[in-house]
Undergrad: 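First the structure, which I've put down as C-alpha cells, then a few questions once you've had a look.
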Amino acid sequence: MENTSCSTALFKDRDLTAALDAISAVGFPQVELNVREPHVYGADAEEERRLQALFAGHTVNARTMHAPSGRSILGALDEEWRRESVGILAPYVRLAGSLGLTEVVIHPIPSAALVPDAADPTLRRRMEEGIRRSLDALLPTIEETGVRVTLENLPYPDYPLNNMGDLRAVIEPYPSASVGLILDFGHAGRVGRDPVDELRAAGERLCGTHMHDIDSRDGLVDHHSPALDYFDWSAIRRTFAEIGYHGPWTMEVSKTSRGESLEELAGEVSEWLAGWLEHAA
Ligand SMILES: [Zn+2]
C-alpha cells in the first residue's frame with residue numbers, strides 16, 4: 001500500500017484531523033489534500049503553518065493537492081478571468097511546495113455552466129490559449145517550488161479538451177518535471193471514453209490518478225467504489241503496466257452505494273486497492 005493515497009474529499013463531513021484519522025485507520029499512508037473547507041481555509045502564511053503542524057503530528061503524509069476549481073481554471077476564456085485564476089492558483093502551488101507535495105491537480109477547462117455554448121467554434125482555440133498562458137504564468141512558481149502541476153480530464157461531454165489526447169497535445173511543449181496529466185476514471189466514463197484508451201493517450205505524461213467507478217455500465221454518476229466493477233479494472237491494470245506508470249494510486253471515491261457508512265466505504269476501497277495491486281504483481 002506504500003504508493004496508495006486517498007482524497008480527503010471522502011471525509012468532507014469532518015475536520016482535517018478527523019479525516020486523516022479515518023483515512024489512516026483503513027491503511028492509507030498518503031492523502032490528496034482537497035483544499036476545500038472544512039479541510040483547508042486558504043493558502044496564506046497562517047494556514048500554511050497550521051497545515052505543516054497538522055501533518056507533522058500525523059502518521060498520514062500529504063502527497064498531492066487538489067487545487068480550488070469552479071472558476072479557478074487554466075483555460076479561462078478572457079484575460080481578466082485568466083489573471084484572476086492564476087492569482088488564486090499560484091499561492092496554492094506555493095503552499096504545496098511548503099508542504100513537500102509532489103503534484104497539484106488543476107482543472108484545465110471551465111465547467112459547462114460557465115460556457116453555455118459547447119458548439120462555439122472558437123472555444124477550443126480560446127481554451128488552449130488560456131491553458132498555455134496560465135501555465136506560462138505559473139511556470140516560475142512551479143520551478144521555484146519543484147511541484148508539478150497536473151491537468152485533469154473533466155466530465156463535460158461534447159466540450160473540447162475533456163480527454164487525455166487533447167490535453168497531452170497542449171502540454172507537450174512543457175517539461176515533464178513541471179507539467180503532467182492526471183486521469184480521472186469516472187470523468188472518462190461520463191464522456192463515453194474507455195479508461196484503457198485514455199491511459200494509452202496519456203502515456204508517459206501521466207503522473208496521477210483519480211480512481212473511482214461509475215454507477216452503471218453507461219453511468220453518469222461517478223465517484224463510486226471500484227468494487228462496483230463497471231470498468232474493466234483488470235484491463236486497466238495491464239495498461240498501467242504497459243505505459244510504465246510510477247505515480248500514486250489515488251482513490252477519489254466519495255459516494256456510498258448501499259447505505260454503508262463513510263468508514264465502511266473507505267475500508268472497502270482500501271481493501272479493493274490492495275487486492276487489485278497484488279493481483280497485478
Ligand atoms: Zn477527479
Side-chain angles (χ1 to χ4, degrees), residues 3-12 19 23 28 30-36 39-40 62-75 89 92-93 96 101-114 131 147-157 159 161-168 171 179-196 198-199 201-202 205-215 219-226 228 230-231 233 236 240 245 247-256 262 265-266 269 272-273:
N3 208 16
T4 63
S5 184
C6 181
S7 168
T8 57
L10 175 54
F11 291 106
K12 55 181 176 282
I23 288 168
F28 284 103
Q30 308 180 108
V31 291
E32 176 160 294
L33 183 60
N34 193 303
V35 301
R36 278 180 292 194
H39 293 163
V40 177
R63 171 65 188 263
T64 56
M65 173 187 284
H66 196 309
S69 48
R71 272 181 67 83
S72 305
I73 47 133
L74 299 172
L89 294 168
Y92 283 95
V93 176
L101 312 191
T102 54
E103 276 93 20
V104 174
V105 181
I106 299 186
H107 286 184
I109 66 172
S111 73
L114 293 169
I131 293 173
V147 177
R148 179 164 35 208
V149 160
T150 48
L151 280 64
E152 174 176 8
N153 58 310
L154 292 165
Y156 314 132
Y159 277 76
L161 300 154
N162 66 359
N163 62 86
M164 293 285 104
D166 282 1
L167 292 172
R168 182 171 177 168
I171 67 151
V179 182
L181 298 172
I182 175 165
L183 178 62
D184 184 298
F185 286 80
H187 293 176
R190 283 176 58 188
V191 300
R193 293 197 178 243
D194 184 338
V196 164
E198 288 291 89
L199 284 170
R205 298 306 292 262
L206 191 73
C207 304
T209 50
H210 279 169
M211 299 176 64
H212 50 100
D213 215 323
I214 42 180
D215 59 327
L220 290 178
V221 183
D222 51 8
H223 298 288
H224 279 288
S225 167
L228 292 187
Y230 285 108
F231 288 137
W233 289 102
I236 288 169
F240 270 117
Y245 177 74
W249 309 106
T250 306
M251 304 308 299
E252 204 188 39
V253 173
S254 58
K255 291 196 182 87
T256 54
L262 291 180
L265 177 60
V269 164
W272 176 88
L273 183 57

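Numbering of ligands and ligand atoms starts at 1, following listing order.
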Undergrad: Got a sec, which residues hit ring-ring contact (aromatic ring centres under 6.0 Å, His included) with Tyr245, two or more places apart in sequence or on another chain?
TA: Phe240, Trp249

Undergrad: Suppose we screen for ring-ring contact (aromatic ring centres under 6.0 Å, His included). Which residues come up paired with His66, at least two apart in sequence or across chains?
TA: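 Applying ring-ring contact (aromatic ring centres under 6.0 Å, His included) to His66 gives His107, His210.
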
Undergrad: Pairing donors with acceptors under 3.5 angstrom, does anything connect the side chains of Asn153 and Arg193?
TA: no

Undergrad: Atom OG1 of Thr8 and atom CG of Asn34: how far apart are they, to the nearest 0.5 Å?
TA: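 The CG atom of Asn34 is 5.0 Å from OG1 of Thr8, to the nearest 0.5 Å.
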
Undergrad: Could you enumerate the protein N, O or S atoms under 2.8 Å from the Zn ion (ligand 1), written like residue then atom name?
TA: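 Under 2.8 Å from the Zn ion (ligand 1) - ignoring waters, which are not counted - the protein N, O or S atoms are Glu152 OE2, Asp184 OD2, His210 ND1, Glu252 OE1.
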
Undergrad: Using only heavy-atom distances, determine whether the side chains of Thr102 and Arg63 contain a donor-acceptor pair under 3.5 Å.
TA: yes

Undergrad: Under the ring-ring contact (aromatic ring centres under 6.0 Å, His included) test, which residues partner His39, sequence neighbours left out?
TA: none

